[in-house]
Number of protein chains: 2
Amino acid sequence: MTARARARAEITGEIKATARRHIAEGGATALSLRAVARDLGMVSSALYRYFPSRDALLTALIVDAFDAVGEVAEKADRSASPGDAGDRWRAVGHAVRRWALDNPHEYALVYGSPVPGYVAPPDTIEPATRITTVLMTVLSAIAEESVPRFMPEPPASTAAELAAIAPDLPPAQTALGMAAWAQMFGAISLELFGHLESVVYDRDAFFDHLLTLAIMEVRLAP
Amino acid sequence: MTARARARAEITGEIKATARRHIAEGGATALSLRAVARDLGMVSSALYRYFPSRDALLTALIVDAFDAVGEVAEKADRSASPGDAGDRWRAVGHAVRRWALDNPHEYALVYGSPVPGYVAPPDTIEPATRITTVLMTVLSAIAEESVPRFMPEPPASTAAELAAIAPDLPPAQTALGMAAWAQMFGAISLELFGHLESVVYDRDAFFDHLLTLAIMEVRLAP
DNA sequence: AAGAAACGAGAGCAGTGCTCTTGACAAAGA
DNA sequence: TCTTTGTCAAGAGCACTGCTCTCGTTTCTT
């Protein structure tokens with residue numbers, strides 16, 4: 001590796017790092033090539049030697065974000081008890097949520113609304129499958145575990161809040177209602193933001209089935 | 001109502017209409033006051049007589065979008081069989097999804113990532129509760145209905161696709177897995193994009209309970 | 001009818017992405 | 001070792017953005 005190639009890799013990394021910093025505190029539209037260049041003590045045009053356009057820089061950051069959330073999920077899965085599929089699921093879920101809360105703008109970058117005019121290049125779909133693989137693996141393990149049928153009660157603090165929301169319903173049922181809500185919302189967002197199109201094709205029927213499942217839980221509550 | 005007030009209301013409506021049109025085909029960041037003004041045959045500065053800033057115009061559009069999706073939900077609920085809570089739920093779900101697919105950028109405006117630097121003014125929270133009210137009402141009705149316990153099978157087309165995704169699992173279980181996935185994703189997005197903070201306070205415990213519920217379904221499958 | 005308020009138009013400021021040209025420097029070939 | 005070749009930072013410049021200010025003009029209110 002020549003000195004030039006090394007310098008190039010280093011500068012590319014610095015550009016991505018400061019760009020990520022800017023996005024972290026202002027979101028995607030706050031990403032300004034000139035501002036990044038200013039922070040690095042170079043002139044804006046010099047930046048085009050490393051990224052052909054603003055979108056290209058954004059794409060690189062999106063790929064990194066997909067990779068980051070995928071790694072978070074994999075790590076959480078590994079750190080959970082291998083035999084307990086439920087523990088694995090919850091570990092992954094909490095880890096992904098933690099990452100999302102810590103990096104809200106990066107989460108929005110990959111799971112929020114796509115940047116207008118931006119079309120995901122092929123480079124992004126491979127890192128995107130990383131977390132999908134983890135989730136599918138864990139869910140398969142859960143499906144193969146046979147556990148007694150019971151519907152868990154929410155913990156005391158949650159139960160109190162749920163009682164405040166719907167005083168005339170048992171908290172467990174309200175919790176299932178919010179789960180149904182989250183599920184519906186999540187299904188729409190997954191479909192709309194393009195994380196489903198390569199998996200499910202008859203999305204009308206699929207969504208209808210999901211809606212049915214969502215309220216089955218509510219009915220199973222008591 | 002004076003002629004001036006009438007003209008003002010009319011022009012305000014035209015501005016919002018063309019702004020909505022621009023957003024529909026380019027997203028929120030494609031909303032340019034100058035472009036809107038150009039389309040209306042006026043100069044950009046004149047537009048500031050009607051909206052004090054770009055964000056104010058965006059806020060008006062967000063309020064309208066919340067109102068639109070709320071009305072869609074209410075209308076769907078009314079058009080369903082009043083006695084069949086499950087039918088009401090599915091009608092609302094399909095209607096909201098339809099609206100989201102028809103108006104993706106407006107959906108992203110209210111349920112996708114918030115525009116950077118944009119903080120939702122108080123005006124937006126009241127229209128935002130409209131759909132929440134509908135969903136809670138329907139879910140309450142579902143909770144009060146007593147129905148036999150059974151886990152519905154996915155329709156044939158969906159079952160085939162699910163079998164392709166996970167060949168070694170029963171399609172019904174794969175469907176429940178994707179429902180769990182959508183639920184987790186939806187819960188994170190709801191929390192992150194600020195549609196939950198005025199409802200749930202101990203979000204850590206709440207999210208943990210949701211995660212548990214999500215996989216209960218998977219376990220209940222066979 | 002006179003004053004006040006609202007209005008549209010225009011110029012101008014600071015910022016943006018991006019392109020093109022210029023000169024300096026390093027890496028390889030003769 | 002000298003020369004060519006390609007890469008690099010820098011600067012000027014274009015078209016665009018949100019926004020502010022000023023200027024006459026129109027409309028409503030008193």
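Naming convention: chains lettered A, B, ... in sequence-line order (proteins, then strands); numbering from 1 in each chain.
- In this structure, Phe51(A) atom CZ and dC18(C) atom P are separated by 13 Å, rounded to whole Å.
- Taking the six-membered ring where the residue is Trp, the centroids of Tyr111(A) and Phe185(B) are separated by under 6.0 Å.
- Considering only residues two or more places apart in sequence or on other chains, Asp67(A) meets the side-chain hydrogen bond (donor to acceptor under 3.5 Å, both in side chains) condition with Arg130(A).
- Formation of a donor-acceptor pair under 3.5 Å by the Ser189(B) side chain with backbone atoms of Gly186(B) is not found in this model.
- Of the possible donor and acceptor atoms, none in the side chain of Glu191(A) sits under 3.5 Å from a partner among the backbone N and O of Arg203(A).
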Take nucleotides 19-30 of chain C nucleotide by nucleotide from the 5' end and write B, S or -, depending on whether a protein heavy atom sits under 4.0 Å from the base, only from the sugar-phosphate, or from neither.
-> B------SSS--
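- Arg34(A) contributes no side-chain N or O that forms a donor-acceptor pair with the base of dG15(C) under 3.5 Å.
- Spacing between atom CZ of Arg38(A) and atom C1' of dA14(C) amounts to 11 Å, rounded to whole angstrom units.
- Contacts of residues 13-21 of chain A with DNA chain D (heavy atom under 4.0 Å): none.
- Between its two ends, the helix from dA1(C)-dT30(D) to dA30(C)-dT1(D) turns its axis by 10°, counting five pairs per end and rounding to 10 degrees.
- For DNA chain D, the span of nucleotides reached by chain B at under 4.0 Å from its heavy atoms goes, 5' to 3', from dT17(D) to dT29(D).
- Shown here are the ring pair (Phe, Tyr, Trp, His ring centres under 6.0 Å) partners of Phe206(A), two or more places apart in sequence or in another chain: there are none.
- Contacts of Leu40(A) with the nucleic acid, taken as non-hydrogen atoms under 4.0 Å apart, are absent.
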